[in-house]
Amino acid sequence: MKKIAQICTILLMLTTSAYATEVMHNFKVFIGPFEASHTSFSYKLTDSSYKVQSEVATYGFFNTLYPFKAKYYTDGNIKNNQLETSHYHYSSHTRFNHRTKELVYNEQGIPIYRISSKNEESKKVKLTDNPKNKGTTDLQTVLAELAKQYNEVKFCDSRMQVYDGKRRFDVIFKDEGKEELTANEHSPYSGLASKCSMYIDKLGEKGDDLLWELTSDRPIYFWILEHSNKPFIARVLVKETPLGRLDVYTTKISIKD
């Protein structure tokens with residue numbers, strides 16, 4: 001159940017929107033027939049810096065079965081039109097545990113420390129000075145870069161490198177054409193949308209991460225619409241998870257220029 005909640009969080013990080021001073025999002029996540037999670041997301045961008053924040057909490061039956069809340073925060077600089085991470089922090093609470101994870105970067109945007117804790121017991125690990133980590137970033141920044149790219153060229157195709165402090169992997173986005181979306185009881189947004197897909201290439205790394213297993217052999221689909229000329233993700237779909245089909249609906253978009 002914990003990993004399903006983490007997947008919900010990562011999927012909802014897809015909903016970034018580029019070039020706005022501040023973009024606020026609200027979402028609902030359904031797994032099978034159950035409303036599983038409520039999530040909020042904010043994204044800020046200036047000419048020289050960016051900031052991404054998201055929160056997720058289980059809802060209803062899922063919250064009774066497995067109460068879970070998490071917050072994610074990333075900030076960084078924009079240099080030569082590229083997003084460069086400066087700081088990443090994650091914090092989660094379950095019924096019995098409080099966990100945190102922090103990545104500390106140097107001035108070149110290379111991660112140098114991983115700091116993690118469980119129930120206030122903290123561990124700091126110096127990361128290996130590996131040349132392969134140069135040019136990598138965190139997952140929130142990757143998705144912000146995708147939004148920036150889409151805003152410029154209206155196309156999803158890209159491949160971006162991520163390092164999470166333990167493993168390297170590539171995130172692959174593919175453009176899947178256009179589809180018409182209709183509004184429903186979960187989301188008021190409709191129109192001709194760009195359909196995109198997301199895969200993860202594990203690059204031979206080992207691990208039991210459920211997101212890896214889901215996206216290494218099947219795609220996550222998402223649909224991009226525009227609100228006040230700003231792109232946003234209107235829907236997300238994972239056809240198969242261990243608990244059934246997963247659907248994400250954008251319920252509200254607020255933009256402050």
Side-chain angles (χ1 to χ4, degrees), residues 4-45 52-63 68-72 139-140 143-144 146-151 154-156 173-198 211 214-215 218-241 243-257:
I4 289 293
Q6 292 171 336
I7 287 174
C8 294
T9 305
I10 292 169
L11 294 180
L12 293 168
M13 290 177 190
L14 285 167
T15 51
T16 58
S17 180
Y19 296 115
T21 302
E22 182 176 4
V23 182
M24 305 289 294
H25 308 70
N26 289 282
F27 317 97
K28 290 183 179 180
V29 180
F30 290 82
I31 298 178
F34 299 102
E35 189 173 341
S37 171
H38 288 179
T39 297
S40 63
F41 181 92
S42 67
Y43 178 86
K44 293 184 180 181
L45 180 70
V52 184
Q53 299 181 88
S54 54
E55 297 185 17
V56 61
T58 48
Y59 176 83
F61 169 76
F62 277 78
N63 189 58
F68 176 87
K69 293 182 179 180
K71 294 183 179 181
Y72 297 80
L139 191 55
Q140 286 202 117
L143 298 167
L146 174 67
K148 182 175 181 297
Q149 172 186 307
Y150 185 86
N151 194 76
K154 309 299 182 186
F155 208 67
C156 296
F173 296 101
K174 295 183 179 181
D175 199 276
E176 304 282 351
K178 301 286 186 179
E179 284 190 4
E180 190 74 29
L181 292 184
T182 58
N184 59 26
E185 68 272 25
H186 305 305
S187 176
Y189 300 104
S190 62
L192 186 63
S194 295
K195 182 181 179 182
C196 303
S197 59
M198 169 183 155
L211 177 69
L214 285 174
T215 58
R218 64 178 68 87
I220 295 172
Y221 293 107
F222 56 99
W223 288 260
I224 300 175
L225 289 172
E226 293 192 12
H227 181 72
S228 299
N229 296 319
K230 303 296 189 298
F232 71 96
I233 301 297
R235 310 277 172 86
V236 180
L237 168 65
V238 181
K239 292 183 178 180
E240 297 178 31
T241 78
L243 296 179
R245 174 184 167 118
L246 187 148
D247 290 280
V248 180
Y249 298 95
T250 300
T251 61
K252 183 180 179 181
I253 297 290
S254 301
I255 296 176
K256 297 180 182 179
D257 291 319

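- Side-chain contact between V29 and F62: absent, with no pair of heavy atoms (C-beta onward) separated by less than 4.5 Å.
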For the pair F41 and V52, evaluate side chain to side chain contact (heavy atoms under 4.5 Å, CB included) and give the outcome as yes or no after the intermediate values. CA-CA 8 Å; F41 181 92; V52 184; 3.4 Å; yes
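- For S37 and K28, the side-chain atoms include no donor-acceptor pair closer than 3.5 Å.
- A distance of 13.5 Å separates CH2 of W223 from CD of E180, quoted to the nearest 0.5 Å.
- Remark: of the listed residues F27, F30, Y59, Y59 is the sole one forming a ring pair (Phe, Tyr, Trp, His ring centres under 6.0 Å) with H38.
- The line from OG of S187 to CG of L181 is 8.5 Å long, rounded to the nearest 0.5 Å.
- A donor-acceptor pair under 3.5 Å links the side-chain atoms of Q149 to the main chain of F155, judged by distance alone.
- Residues forming a salt bridge (charged side-chain N to carboxylate O under 4.0 Å, His left out) with K252 (at least two apart in sequence, or on another chain): none.
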Kindly determine whether F222 and L146 satisfy side chain to side chain contact (heavy atoms under 4.5 Å, CB included), including the steps that lead there. CA-CA 12 Å; F222 56 99; L146 174 67; 3.7 Å; yes
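- How far CD1 of I220 is from CG of L237: 9.5 Å, rounded to the nearest 0.5 Å.
- Residues S197 and E176 approach most closely at OG-OE2, 2.7 Å, considering heavy atoms.
- A cation-pi contact, defined as under 6.0 Å to the ring centre and within 45° of the axis, links K195 to Y221.
- Here the straight-line distance linking atom OG1 of T250 with atom CD1 of I233 works out to 7.5 Å at 0.5 Å rounding.
- Proximity of the aromatic rings of F232 and Y189 is defined here by a centroid distance below 6.0 angstrom, and this criterion is met.
- Across H25 and I253, no two heavy atoms sit closer than the pair CD2-CD1, 3.2 Å.
- Listed for the S194 side chain is no donor-acceptor partner under 3.5 Å among the backbone atoms of I224.
- Here N63 contributes atom CG and F68 contributes atom CZ; the two are 11.5 Å apart, rounded to the nearest 0.5 Å.
- I31 contributes atom CD1, which lies 5.5 Å from atom OG1 of T241 (distance to the nearest 0.5 angstrom).
- Side chains of S54 and Q140: a donor on one and an acceptor on the other come within 3.5 Å.
- With salt bridges taken as basic N to acidic carboxylate O contacts below 4.0 Å, none links R235 and E179.
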